[in-house]
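This report refers to the structure that appears directly beneath it.
Chain letters run A, B, ... following the sequence lines, proteins first, then strands; residues in each count from 1.
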Amino acid sequence: MTARTGTIAFVPPRFGAEVVGGAEAVLAEVAAGLAGRGWQVEILTTCARDHYTWANHYPPGVERNDDVTVRRFPTVVDTPGEHRWRVHQLISARRRPTITEQQLWLNDTFRCPGLFEHLLDHASDYRAIVTGPYLAWTTFATATVAPDRTILMPCLHDEPEVFLDVYEPMLSGARGIWFLSDPERDLARRVVPSRTARTEVVGAPIVPPPRYDPDRFRTRHGIDGPFVLYAGRREAGKGWGRLLDAFGTAVRREGLHLHLVTAGVGDASIPDDLAPFVTDLGFLDEDDRNDAFAAATACIQPSALESFSRVVMESWLAGTTVIANAGSAVVSWHVERSGAGLTYRNDEELVECFRLVAEKPDLVGSLAAPGRDYVTDHYLPERVFDAMEATLFDWTTP
Amino acid sequence: MSRLLVVSPYAPYRDGIAAYAVQEVRWLRAAGDDVEVLSPLPSAAHHHLPLGRVRGAVALLRVARRYDRVVVQYHPALFFGRSSNGPTALLTWAVLVLLVRLVPVELRIHETNFGVGRLPHRVLSRRFLAGASDRTVHTTAERTRLAAESGLAEERFRLIDHGRSFTTRTMLDRPTARQELGIDGDPFVFLSIGFLQEHKGFDRALEAFGRSGVDAEYHVVGSARVDAPDILAHVHRLRTLCATIPGAFLHDRYVSDAEFDMWIRAADMVVLPYREIWSSGVIERCALAGTPTIVRRVGGLEDQAGPTTRLIDDDDELVAALRDAAGTSEVADMDAPTNRTEAQALVRERAAARAGVEVRSTNEAVEALRLLPPIMLPLPTSPRPWVARIKRVIHRLTAWQLSPLVEQVAELQRRTVAAAESLDAQAAAGSVDRRA
């Protein structure tokens with residue numbers, strides 16, 4: 001075994017128990033996992049909790065979080081968003097923004113000069129600096145100041161922004177890239193066909209909960225009968241609006257007897273006439289969330305922009321079938337490999353999935369059978385951390 | 001420990017002066033200074049101000065007073081945008097003169113506009129320059145030119161090593177760098193690297209490479225910084241040259257800093273055939289990597305030249321330098337004219353080749369249309385809440401009239417592009433004359 005010498009820095013845009021975000025969750029778990037294996041680990045992050053406002057919530061400075069040192073730096077949000085809007089308009093019109101426009105776009109969001117300054121002074125103190133997701137300003141800044149020590153966990157989505165020129169040097173110049181899935185790596189090859197950094201598909205660590213109590217969940221929230229679950233951010237980009245539309249069609253037009261339960265952050269914006277069929281539980285603690293997965297007949301993943309999809313894994317661990325948007329190559333890949341769910345290509349197919357849940361709940365429930373083994377075979381923390389450590393030993397030196 | 005403000009374009013923007021500033025800030029901080037950065041656009045700097053406008057320069061006065069000294073990475077666009085003349089520029093010069101009186105200002109001069117414009121502009125720019133506590137340049141040529149422009153003695157311009165704060169951004173040796181970059185075999189590798197712009201002269205280096213007949217590879221690496229028609233035409237010309245010259249390759253990509261240095265490490269010889277330049281960071285990066293250079297004697301490059309630099313004055317010397325570098329100096333110059341007729345023919349052939357790529361094809365016209373910024377109503381936002389409120393009110397009052405017009409023009413743009421694309425597709429199929 002090669003020595004675990006040197007400090008590994010992790011740079012997520014946000015960090016904290018109340019932070020909701022897939023990439024942040026993965027980076028936090030990996031940081032804790034590697035610290036548990038004896039690595040010196042630091043988290044370098046912002047003081048923000050909310051990814052809508054990026055307002056400073058946590059105090060700046062150094063704190064200790066179990067085995068990990070956390071250094072927080074204040075965010076600065078002082079631009080009106082005109083450049084982001086303009087580039088969004090250009091992309092929508094299928095036009096390529098110039099490099100100057102792209103650079104303005106990149107900086108027309110929260111920024112974190114203190115973090116940049118810390119890296120400028122101390123990057124060489126770290127054996128590796130692990131950062132992601134690719135859209136975050138912190139990730140781009142890290143890769144700019146210390147590319148030779150940067151290991152990207154980009155969490156790429158197949159969206160127009162990923163093809164902007166400004167990301168090419170980030171992806172090609174980093175010391176290495178950890179991908180969460182094969183489709184994500186394939187996407188990176190499309191983004192930078194000529195050359196990418198060293199890469200490895202490592203996956204994301206998924207820790208099986210010690211127990212599930214679906215009955216407690218039903219009792220606590222007064223939910224009876226079969227239901228489908230959506231757990232995640234209620235945002236257009238995550239497919240929430242279209243899910244709600246299709247569910248509305250299922251219960252209004254098709255008259256299906258079905259309930260939708262949703263948990264997470266963001267405004268659920270449930271139409272009045274759907275209110276009897278939809279239960280919004282808001283933000284749930286981890287145990288309650290796990291129990292929700294176990295209680296559901298099926299879990300819906302409506303997002304087409306996924307680089308891994310933790311909710312799919314959490315659903316399968318809980319023994320629950322996944323119904324997923326086939327527009328996400330990554331989730332389709334998981335479903336095809338595991339066989340533990342269904343995918344839909346359009347709203348009508350989603351409505352038919354709902355019909356199957358309402359009419360044949362046992363059949364739908366039985367589809368989940370191979371899901372738990374799929375997760376434990378590929379994404380148990382030990383396996384993922386082994387793969388990450390192998391690359392750390394190979395790509396970096398103390 | 002002094003409290004210091006660096007005024008400069010800054011990371012994560014990627015351009016030469018921003019990269020230079022980042023390295024100098026790192027160097028100053030390591031030396032114990034308390035450094036903050038102010039940039040003209042939002043960036044990783046601590047502050048940002050619209051320095052290209054008078055109000056930005058005035059705001060800089062207020063910020064600068066809080067520091068013991070100010071270091072300005074000076075180039076005209078930092079304070080003047082596109083124009084150094086006119087009444088706005090005059091006001092800006094006046095504010096800058098006040099700045100150097102308020103606080104010690106060190107000027108790191110990268111490019112200049114001193115001593116140009118009308119008399120008041122020239123007077124104020126010289127006062128600004130004379131009032132600075134320190135003025136540094138990278139080469140004696142720059143110093144001589146600045147002294148002539150400003151009327152200040154040469155001794156008042158201090159020479160500093162362009163690469164004093166540079167550090168290498170790759171640890172790879174040459175074979176590994178070549179492997180990483182996909183350079184197979186063991187060819188002699190020439191390299192020109194940087195943003196693709198006509199003043200860099202990469203096209204003349206490729207032509208010289210073609211004439212030299214050396215058994216080697218010539219790699220041009222870089223990207224167009226802006227999609228201006230003249231730059232697109234230049235990139236097209238480079239592409240055409242690489243397609244017709246054996247061993248020449250264009251890597252039209254926006255490369256990372258690490259890859260930039262990797263290319264320099266991988267090359268046997270870096271060629272800087274610039275038509276015009278003040279000084280060059282590439283020479284310094286080559287010196288760091290130990291890669292020899294062929295450099296045109298222009299601007300201050302002669303002063304930057306090290307022991308492994310070969311200076312050239314014209315294209316014939318460039319051809320000879322390429323041959324010497326690759327050890328093939330006996331190869332005859334097949335293109336060299338031997339009489340007036342051949343010379344005339346060569347002139348016409350080269351001019352026609354250049355004109356051929358500069359004439360817009362339908363494809364390029366389509367590209368130019370696509371690049372037209374979309375018309376849209378300005379977003380009613382501002383970092384200042386009261387301004388945002390006013391904008392929202394104006395937006396509500398006027399949107400009912402303006403929005404239909406904007407949508408109409410946007411639709412017109414879309415349909416024009418679609419029509420041009422259709423024409424281009426027909427031309428590609430041979431049914432329409434591309435030049436029609």
Beyond-backbone contact of A:Pro147 with B:Ser256, side-chain heavy atoms, under 4.5 angstrom = no
Region of B:Phe260 that comes under 4.5 Å of a non-hydrogen atom in chain A = neither
Roughly how far apart are B:Leu41 CG and A:Thr79 OG1, rounded to 0.5 Å?
-> 11.0 Å
Could you go through the side chain to side chain contact (heavy atoms under 4.5 Å, CB included) check for A:Arg198 and B:Glu180 one step at a time?
-> CA-CA 10 Å; A:Arg198 296 156 192 81; B:Glu180 290 269 333; 3.5 Å; yes
Assert top hit (heavy-atom pairs under 4.5 Å, partner chain A, pool B:Gly182, B:Pro42, B:Ala11, B:Ala30) equals B:Pro42
Best-contacting candidate, A:Leu104, A:Val77, A:Val76, against chain B by heavy atom pairs under 4.5 angstrom | A:Leu104
If you measure from NE2 on B:His47 to CG on A:Asp78, what distance do you get to the nearest 0.5 Å?
-> 11.5 Å
Side chain, backbone, both or neither: which part of A:Val145 has a non-hydrogen atom closer than 4.5 Å to chain B?
-> both
Would the number of heavy atoms belonging to other residues, nucleotides or ligands and lying under 6.0 Å from CD of A:Glu63 be above 12?
-> yes
Is A:His118 atom NE2 crowded by more than 12 heavy atoms from other residues, nucleotides or ligands, each under 6.0 Å away?
-> yes
Using 4.0 Å as the upper bound for N to carboxylate O, is an ion pair formed by B:Arg26 and A:Glu117?
-> no
Could you walk me through whether A:Tyr167 and B:Tyr254 pass the side chain to side chain contact (heavy atoms under 4.5 Å, CB included) test, one step at a time?
-> CA-CA 9 Å; A:Tyr167 290 120; B:Tyr254 189 49; over 6 Å; no
Might you confirm whether atom CD of A:Glu161 has over 12 heavy atoms from other residues, nucleotides or ligands at distances under 6.0 Å?
-> yes
Measure the OG-CG distance between B:Ser43 and A:Leu106 for me, rounded to the nearest 0.5 Å.
-> 12.0 Å
Are more than 12 heavy atoms from other residues, nucleotides or ligands located less than 6.0 Å from atom CD of A:Glu159?
-> yes
Between B:His48 and A:Asn107, a side-chain donor and acceptor under 3.5 Å = no
Does any N or O in the side chain of A:Arg111 come within less than 3.5 Å of the main-chain N or O of B:Ala44, such that one atom is a donor and the other an acceptor?
-> no
Rounded to the nearest 0.5 Å, how far does CG of A:Asp148 lie from CG of B:Asp257?
-> 10.0 Å
Between B:Ser223 and A:Ile99, is a side chain to side chain contact (heavy atoms under 4.5 Å, CB included) present by the stated rule, with each step listed?
-> CA-CA 9 Å; B:Ser223 63; A:Ile99 286 173; 3.9 Å; yes
Are A:Thr100 and B:Tyr13 close enough, and set up right, to give a side chain to side chain contact (heavy atoms under 4.5 Å, CB included), and what steps lead you there?
-> CA-CA 9 Å; A:Thr100 303; B:Tyr13 288 90; over 6 Å; no
